[in-house]
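Report on one structure; see the data block that follows.
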Amino acid sequence: MLHKKIVELLNIQINREFYSSYLYLDTSNYFYDNSLNGYGNWFDIQTQEENAHAILFVKYMQNNGERAVLEAIAKPDIAYKSFKHAIDEAYKHELFISKSINNIYWVAYELRDFKTMQFLDWFVKEQGEEEKNVDELCKRFELFGNDPRGLYMLDSEMAARTFTPPSLVL
Ligand code: FEO
């Protein structure tokens, strides 16, 4: 059995992961709409990753006798002013998600809920990787993205990203 507070936070996290998926679908849409299909693909893959994260949280709750509460997912309503703005927003969002996961970890620690802490270990590491990936996206865009040939090369690179389902075993 999970503590009430943990269940509450996990439910919020499920919604945040689904929102992340929805947000990146919107970002992907934005790039496809601007003919940057490589970036469109990169964010498409991110959408799938976030969806997989949400499902992992749902499964963890199921495995612990809890039924996740699926709330409405908010509309992604960022009006992107530039390609760089879209990427920067993704970075900001990942920092927010890391904070959110760290908070659940902190509450689990206070409650001595070692099982949840162990489950969250994978997410803490994953967030580190996600922050690094998007930070790299921002930096590479700053370096090469303002030149049409550079942007073309970057976009071609982004097209190569593929989806690998999370390796976490529950
Ligand atoms: Fe599932 Fe990018 O956080």
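Keep in mind that what you see is a predicted model, and the values were worked out from it rather than measured. Whatever order the structure lists them in is the order used to number ligands and atoms, beginning at 1. Just so you know, residue 1 is the first one in the sequence shown, and it goes up from there.
Distance alone, capped at 3.5 Å, places no donor-acceptor pair between the D113 side chain and the A108 backbone. Put simply, the side chain of N15 gets close to the backbone of A72: a donor and an acceptor are under 3.5 Å apart. Judged by distance alone, the side chain of N64 and the main-chain N or O of L2 form no donor-acceptor pair under 3.5 Å. Judged purely by atom type and a 3.5 angstrom limit, D147 uses its side chain to pair as donor or acceptor with the backbone of G150.
Under the rule for a side-chain hydrogen bond (donor to acceptor under 3.5 Å, both in side chains), Y30 has no partner lying at least two apart in sequence or in another chain.
Each protein N/O/S atom under 2.8 Å from atom 2 (Fe) of ligand 1 was counted, for a total of 4.
Screening Y80, Y24, F43 for a ring pair (Phe, Tyr, Trp, His ring centres under 6.0 Å) involving F31 leaves a single residue, F43.
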